[in-house]
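Residue numbers begin at 1 in each chain, while the letters A, B, ... track the order of the sequences. The analysis underlying the following values was restricted to heavy atoms, covering all of them including side chains, and did not include hydrogens, waters or symmetry mates.
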Amino acid sequence: MATIVVEVMLKPEILDPQGQAVASALPRLGFNFAKAVRQGKRFEIEIDGEPTPAQIAQVEDAAHKLLSNPVIETYVIKVEK
Amino acid sequence: MKLDTVANATANPDTPQPWVELGLKEDEYARIKSILGRRPTASELAMYSVMWSEHCSYKSSKVHLKQFGEKAPKSDALLVGIGENAGVVDIGQNYAVTFKVESHNHPSFVEPYQGAATGVGGIVRDILTMGARPIAVMDPLRFGLADAPDTRRVLPGIVAGVGGYGNCLGLPNIGGEIVFDETYAGNPLVNALCVGVMKHEDIKLAKAHGAGNLVVLFGAKTGGDGIGGVSVLASETFNEAKPTKRPSVQVGDPFAEKVLIECCLEIFKADLVVGIQDLGGAGLSCATSELASAGSGGMEIQLDKVPLRDPSLSPEEILMSESQERMCAIVEPSKVKQFLAICKKWDVTATVIGEVTSGERLHISFNGELIVDVPPRTVAHDGPVYNRPIEKPAYIAERQAVTINIPMPTSSTEVKAAILKLIAAPNIADKSWVTSQYDKYVQGNSVLAQPEDSGMIRIDAETNLGVAVSTDANARWSYLDPYEGVKLALAESMRNIATTGAKPLAVTNCLNFGSPEDPGVMWQFAETVRGLADACLELGLPVTGGNVSFYNQTGSVAILPTPVIGVLGVIQDVRKRTKMGFEKAGQDIYLIGAVDSNMSGSEWAYLHGEIGNHAPKSDLAMEARLVELLLEGQPIFESAHDVSNGGLAATLAESALKNNIGAKVELENVAVALFSETPGRVVVSINESSTNSIIALAGKYQIPVTKIGMTGGSELIINETHISLTELSKAHTETFPKLSG
């Protein structure tokens with residue numbers, strides 16, 4: 001069994017209100033390490049066996065059409081064992 | 001990258017510049033050079049290109065829009081007219097109300113959620129800029145066919161965006177429209193309206209005067225959002241052959257806007273600003289040049305002081321950025337400390353970025369080097385003006401020669417099937433699936449909201465003074481006859497206001513059209529403006545402002561001409577408003593107004609693939625009398641509901657379903673009576689004891705009234721046709737959940 005991971009992030013030029021809220025909350029709690037925070041989302045898709053190139057291509061298609069909004073977001077696809 | 005300074009532009013006159021990519025025409029670029037006496041710097045080019053775009057400069061529409069000034073009726077109610085961020089109307093008791101509708105069509109096609117959300121955010125800031133507290137929003141929306149794949153992509157996103165942003169701001173959404181037609185496929189229309197209220201003395205204007213006064217930028221930091229959004233998106237036709245320009249999407253943050261609203265209102269209350277302007281389309285380019293040119297003209301801006309979210313932005317990008325939730329204020333030096341303190345309290349970033357000068361030029365520097373040196377008027381107001389060619393399109397004559405041939409039901413089985421088909425059609429069906437995603441009642445002042453004829457908001461909790469707002473358009477009538485079409489839209493909107501018991505006061509508009517470079521579209525536009533100006537003059541209703549959206553076109557197919565007309569009315573006591581639903585069994589149902597057999601532009605014809613030949617002729621004198629009749633008769637009306645899209649069939653079904661009270665109705669020539677959409681009609685229910693009063697009103701205002709039946713029972717009975725309310729409700733409410741399923 002393997003897990004195909006799709007990580008979706010807002011493009012760098014797009015405003016990220018959630019990330020900003022986290023960035024401004026950190027110092028309030030005494031965490032002073034962050035210069036900036038961006039928040040994204042992660043999908044873990046479990047499949048049987050090793051992923052085939054065809055399956056990866058399908059996930060790619062799904063990432064483009066459903067999991068991300070390509071107008072404002074980018075994604076990366078990784079395979080985790 | 002080397003900074004393109006004014007000195008550099010003078011020294012290197014022949015540097016090639018991307019004016020074509022920025023959407024400028026050759027003669028426009030030449031004109032900029034002649035105004036400046038040299039080539040523009042990169043920053044100046046950016047400013048001129050966004051400000052001279054169709055969206056900002058109204059270059060194709062200006063020559064027509066001036067009719068609103070020339071034909072303006074005398075009105076004591078108008079406190080601030082066209083030209084400011086929004087018009088302001090006196091509603092009595094020292095209250096003033098401002099309202100405006102704007103389009104956000106193209107961005108909503110590219111990114112439905114954010115496009116619609118920032119459309120709401122933008123119009124709310126326009127209202128706030130006038131000094132008013134925003135109190136309600138409305139959203140007239142138009143989409144391609146309900147079951148088309150692209151509609152399924154854009155509709156949920158747009159609805160969620162409108163709801164998401166408005167709900168976060170705590171603004172009730174009290175109405176609007178949702179209309180489907182294939183011409184909107186690829187060109188959805190997202191028009192957003194906002195209403196705000198203030199006291200007379202609180203009105204603020206967008207003006208920068210008083211040398212030495214400081215320019216303060218406050219609100220969100222500036223990022224790369226929507227760079228060139230205005231010029232790139234709103235002024236170009238979507239064309240599949242050409243590679244589309246890079247989408248420039250603005251992302252909104254409604255919580256930041258909510259804080260900005262409260263911060264601004266506290267600043268207004270402390271009387272700390274001389275002038276104020278929001279940053280919308282064209283961002284700082286627009287705000288600085290408009291503020292300066294509305295004042296004495298001189299302004300110095302240090303662009304490097306603008307707080308940035310993305311430090312890599314170039315000066316021209318900072319000038320063009322359309323980052324949301326930003327405002328620009330002119331503040332006297334002695335009040336700046338207090339101004340900044342209030343901003344700090346609300347956690348709103350505020351920065352002095354420049355000052356008003358005694359000169360006549362707008363100077364913008366970056367790290368001490370001069371990069372913009374222009375007369376601000378040439379940027380903001382003296383843009384190009386086009387007298388675009390106008391030609392009556394051939395389809396008008398072709399349409400007029402057509403004979404309408406649509407099946408009209410006769411037997412009671414056919415009538416029943418027809419009614420059920422009509423009320424299930426996406427344009428008529430119950431829109432709760434959409435409107436329940438909007439908060440209609442937040443703040444506790446909503447008196448009426450969708451699906452009532454108008455939205456109504458209480459303004460004063462003590463006196464119960466309130467305002468009603470309605471938006472309407474019948475694009476199919478406008479297509480057949482744009483001059484009559486817009487008059488009918490205005491008449492309908494006004495009638496909707498009066499139907500609820502409010503007195504119509506003022507008009508706003510959002511004119512959505514195809515490409516102005518098409519002479520046929522330009523003819524539709526010119527006829528529409530002429531019609532609206534004539535109608536407003538005849539009815540004595542001032543136009544307080546408006547918005548034009550061109551290039552709503554895919555390839556050679558333009559959208560139906562869609563002038564959305566908003567009317568605002570005032571009601572002295574909102575507790576006395578009239579609702580659309582039948583109130584009690586055993587009351588008499590009257591039809592006010594007469595029907596004719598013209599089916600052109602009707603929903604019934606549309607359901608049979610027909611648009612018809614001639615739009616109805618408007619009768620504004622009659623419409624004005626009808627308004628008077630409705631206002632005078634208001635105390636005797638138990639319910640009142642306008643007859644418009646879907647005809648009497650839709651009106652009766654909606655009135656019955658609202659409170660689940662049936663009706664028994666007798667009609668002559670039943671098919672025409674049910675499905676014709678003859679304007680100028682309202683269905684009311686009254687107690688039998690009021691019979692003499694309604695007949696007297698009919699005589700006084702010379703409008704026919706006909707008793708058509710009686711309320712009661714659990715069926716809608718029309719002549720021999722019986723439909724149970726359960727069946728009626730199922731047909732009416734099933735459509736949207738099915739479409740979204």
### Query
Closest approach of B/Val110 and A/Val71, non-hydrogen atoms and distance?
O-CG2, 3.7 Å
### Query
Which atoms form the tightest heavy-atom contact between B/Gly252 and A/Pro17, and what is the distance?
O-CG, 4.1 Å
### Task
Hey, could you give me the CG/CD distance between A/Leu15 and B/Glu325, rounded to the nearest 0.5 Å?
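So the CG of A/Leu15 and the CD of B/Glu325 are separated by 7.0 Å.
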### Message
Working to the nearest 0.5 angstrom, can you tell me the gap between B/Glu111 CD and A/Ile72 CD1?
### Response
4.5 Å
### Task
Let me know if A/Asp16 has heavy atoms under 4.5 Å from chain B in its side chain, its backbone, both or neither.
neither
### chain B contact via A/Gln20 - which portion, at a heavy-atom distance below 4.5 Å
side chain
### Message
Please determine whether the number of non-hydrogen atoms from other residues, nucleotides or ligands lying under 6.0 Å from atom CD of A/Gln39 exceeds 12.
### Response
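Correct, the count exceeds 12.
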